[in-house]
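Please read all numbers here as calculations on a predicted model, not as lab measurements.
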Amino acid sequence: MAAIPMAMPVPAAAGSVCGPVVVVGQQFCAPYVVDLTVTKKALSLSDSDFAVTDINGNVVLKVKGVVFSLRDRAVLVDAANNPMFSMHRRWQVFRGEGTNPENLLFSVKKSKLFQLKTELDVIMASNPNEDECDFKIKGSYFERSCTVCLGNSDSIIAQMNRKYTVKNVILGKDTFGVTVYPNVDYAFIASLIVILDEINKDRAGDD
């Protein structure tokens, strides 16, 4: 079962202490809860491997080139195909499409080498010492439920639930329902879902 608390915690970004969570851009922050659907195509025959849609089915973000082992990177673009940032095999995310260290936004790494459940540390570029993580992804990817928390706290800023439907299986798609709390950068959260999928794909291949 999904590990969702009975009493929904106050969104971390809504507090006056930390302020909005902005990583990619202020335009991706909304003052209300944002529900998104992230759809992964098993075989990408169009111009994207992942599509991020809103509750009305409108495409708000797309991810191109997710097969890291072949292309070594994925690029997140907006609905007009304007590139915003790229994700690379070392789970590093850069603004734009290059790998200039000055454009590094954040990196993602496993909290522990051996894990039964997913636990990933998200380190912002402004935190070079990596004494503590800035965000943490935790939960169980294969049980369809993960949360994104602020640092090592229990303050949830987003939740992901993996969805299985007969239609998606037939069409070769994998679908994630994502709830992003108010004032949290949903483009940042979408990129974490893509990286999470790649990390767990690698782990499944090692079994």
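The cluster map of Ile, Leu, Val, Met, Phe, Trp and Tyr, joined by side-chain heavy atoms under 4.5 Å apart, puts V93 and V108 in the same cluster. Both V180 and Y32 are part of a single hydrophobic cluster, where members link through side-chain heavy atoms under 4.5 Å apart. Linking Ile, Leu, Val, Met, Phe, Trp and Tyr whenever their side-chain heavy atoms come within less than 4.5 Å leaves I123 and I157 in two separate clusters.
Evaluation of the side-chain contact (heavy atoms from CB on, under 4.5 Å) rule for N58 yields D54, N56 as partners, not counting sequence neighbours. With sequence neighbours left out, K136 forms a salt bridge (charged side-chain N to carboxylate O under 4.0 Å, His left out) with E119, D121. Applying the side chain to side chain donor-acceptor pair (under 3.5 Å) rule to T53 yields no partners; only residues at least two apart in sequence or on another chain are considered. Here N127 pairs with D134 under the side chain to side chain donor-acceptor pair (under 3.5 Å) rule; sequence neighbours left out. Every side-chain contact (heavy atoms from CB on, under 4.5 Å) that Q26 has, sequence neighbours left out, goes to V22, C29.
Taking CG of L196 as the reference point, atom CH2 of W91 lies at 10.5 Å (rounded to 0.5 Å). Of the inter-residue distances, the one linking Y186 atom OH with S191 atom OG reads 13.0 Å to the nearest 0.5 angstrom. The line from CD1 of I137 to NZ of K110 is 12.5 Å long, rounded to the nearest 0.5 Å. Taking CD of Q159 as the reference point, atom CZ of F176 lies at 15.5 Å (rounded to 0.5 Å). Residue R95 holds its CZ atom at 5.0 Å from CG of L105, rounded to the nearest 0.5 Å. With values rounded to the nearest 0.5 angstrom, I189 atom CD1 is found 12.0 Å from L61 atom CG.
Residue-environment remark: CD (E102) stays at or below the threshold of 12 foreign heavy atoms within 6.0 Å.
In this structure, K138 and N152 have side chains that are not in contact, with every pair of non-hydrogen atoms separated by 4.5 Å or more. By the 4.5 Å heavy-atom criterion applied to side chains, V184 and P20 are not counted as neighbours.
Checking side-chain atoms of D35 against main-chain N and O of I55 turns up no donor-acceptor pair under 3.5 Å.
For F106 against V23, the heavy-atom pair with the smallest separation is CD2-CG1, 3.8 Å.
Between F135 and F188, the distance from one ring center to the other falls under 6.0 angstrom.
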